[in-house]
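Following: one structure in C-alpha cells, then a few remarks.
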Amino acid sequence: MKTLFALLLLPTVVWSYPSKEAQFKSSLKTVIANSTKPDVRPGMVIASPSRSNPDYYYDWVRDTALTYRSMIDYYELKKDPKIKKMIFTWIEAEAYRQNQPTFTGLGEPKYFIDGSGYTGGWGRPQNDGPALRAISMIKFARLLLKEGNQDYVIKVLYHGVLPADSVIKKDLEYTAHHWREPSFDLWEEEMGMHFYTMLSQFTALQEGAKLAQELGDSAAADFYRLQASSIETYLKDSFIDSEIGIKATVRRVNGGLGYKDSNLDVAPLLALLHNSPYQKLFLFNSAPVKKYIQTLKSRFNTLYAVNKAYPDLGVSIGRYPEDRYDGYQTTGTGNPWFLTTIALGEYYCHAGQETKSTKFDDLVQKQFARVLFHSDRAGALSEQFNHVTGIMQGAEELTWSHNAFMTAMMRCKLLK
Ligand code: NOJ
Ligand code: NOJ
C-alpha cells in the first residue's frame with residue numbers, strides 16, 4: 001500500500017518541478033524584460049512590474065547594481081553581444097541619474113522611471129547603493145581592459161580628475177567621504193551603521209584603489225586604500241558577537257524600528273555574497289561566519305511553519321526574525337524571501353569552493369529545490385512566499401529574486 005502511494009506521488013513531485021536550468025532561462029528572460037520596459041528610460045530597471053499593492057515600478061540603485069552584477073557575470077561567461085549592449089545602456093542611465101538633483105546626492109536609493117530622483121518621503125540616504133554600483137562597474141571595467149577597450153574605460157568609467165566626471169570615480173568619491181555617516185540599511189528601515197553597507201563600501205574602495213592605481217591615479221588610490229583600511233578596523237572591532245557571530249547593525253540612530261531586538265539579519269550573509277570574491281576579511285568558513293550561518297539557519301528553521309511542513313527541502317530564510325513586512329504592508333508577519341533563501345544555497349557553494357570540498361553539495365541542492373518548490377513552477381518568482389502556506393506573495397516577478405537566482409547558478413558553477 002505504502003509503495004503504491006509512493007509510486008502515485010512520485011511522478012507529480014518529479015514532474016511539477018522546473019529544472020534549475022529552466023528556471024535560469026526564465027529568470028534571464030524576466031530580468032531582460034524588467035530592464036527594457038518601453039515606458040522606462042533606457043538602461044533603467046524596474047524592481048517589479050507591480051504598479052500597486054505594492055508599487056515597485058521604480059528603479060532602486062541597489063537592486064539595479066545587483067541586477068547588472070548578474071548580467072556582467074553572464075556576459076563574462078557567454079560573451080553575448082546583446083547583453084554587452086545592455087550593460088553599456090545601463091552605464092549611460094547611471095551616468096544620467098548621478099547628475100540628477102536629489103535630496104541626498106548619490107545616497108538616494110530610489111528613482112522615478114524617467115531617471116529623476118524620487119521626491120516622496122523615504123528612508124534616505126542608503127549608502128550601500130553607490131558602493132554596489134561601483135563594484136559592478138569595476139568588474140565590467142576589468143573585462144573591457146582585458147578586451148583592449150581602454151578608451152571607453154578612461155572616458156566613461158574611471159577618469160582620474162576632480163571633481164569626478166566619470167561614473168565609478170563619482171561613486172568612489174562619495175563612498176570615501178561618507179562611509180563614517182549612518183545611513184538606512186538595505187531594507188530601508190533603520191538609520192545606523194550596518195555591516196552590509198560597510199562591507200560593500202570596503203570592497204568598493206579596495207577594488208577602486210586597484211583600478212585607480214592601474215590607470216595611473218595613484219594619489220587617489222592611496223586615499224581609497226586608507227579609507228578601506230579604516231573601514232576594515234571598524235568592521236572587525238564592531239560587528240562580532242559571541243552569540244550570533246556577525247551582527248547586522250552597530251549603532252541605531254533614532255532608535256530604529258523599536259522591535260528589531262535580535263540583531264540577527266540575513267543582511268550579513270548577503271554582504272558576504274555581494275562582496276565575493278573581493279573581500280577576505282570574513283571568510284566563508286571562518287568561525288564567526290559559521291556561527292552566524294548556524295544561528296540564522298536554526299532561527300528561521302523554527303520560525304516558519306513551511307520549513308516543518310517540507311523538512312526534506314532546504315531552509316526557507318527571511319530578512320530577520322522580527323520582520324513585519326509581508327510584501328504589502330508593515331503591519332503583517334514577515335515571510336521567507338526567494339533572494340534570501342537562494343542566498344543560503346550560494347553560501348554553501350562558496351564554503352565548498354573555499355575548502356575545495358564537496359561536503360556542502362547536498363545542502364546546495366536542497367536550497368535550490370526549496371526555491372523551485374515555492375515558485376509557480378513555470379518560471380515566475382515574487383518577492384516572498386507565505387511562511388505557512390508556501391504560496392508566493394508580495395511584488396510579482398521581482399527583478400532581484402531573478403537576478404539572485406542567476407547569480408547563485410553562475411557562482412555555484414551550475415550553468416553549462
Ligand atoms: C518598503 C521597504 O522597501 C521595505 O523594505 C520595508 O520593510 C517597508 N517599506 C516598510 O518600511
Ligand atoms: C524592499 C526591499 O527591502 C529593498 O531592499 C528593495 O530595494 C526594495 N524592496 C525594492 O525591491
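Heads up: numbering here begins at 1 and tracks the sequence. Just follow the structure's listing: the first ligand is 1, and inside any ligand the first atom is 1. Model, not experiment: these values are computed from the prediction. Heavy-atom basis, side chains included; hydrogens, waters and symmetry copies ignored.
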Under 4.0 Å from one or more heavy atoms of D63, ligand 2 contributes atoms 6 (C), 7 (O), 10 (C), 11 (O)
With ring centroids as reference points, do H387 and F300 lie under 6.0 angstrom apart?
no
Would you mind running through ligand 2 and noting each atom that sits below 4.0 Å from a heavy atom of W400?
5 (O)
For E189, which of R252, R319, R124 qualifies under salt bridge (Lys or Arg N to Asp or Glu O under 4.0 Å)?
R319
Tell me the residues surrounding ligand 1, counting only those with a heavy atom closer than 4.0 angstrom, sorted by chain and number.
W187, E188, E189, R319, Y325, T330
Is the distance between the ring centroids of Y118 and F112 under 6.0 Å?
yes
Determine, using ring centers only, whether Y152 and F88 are less than 6.0 Å apart.
yes
S262 and E322: side chain donor to acceptor below 3.5 Å
yes
Measure from the ring center of F284 to the ring center of Y348 and say whether it is less than 6.0 Å.
no
So does V315 get a backbone contact from the side chain of Y304, meaning a donor-acceptor N/O pair under 3.5 Å?
no
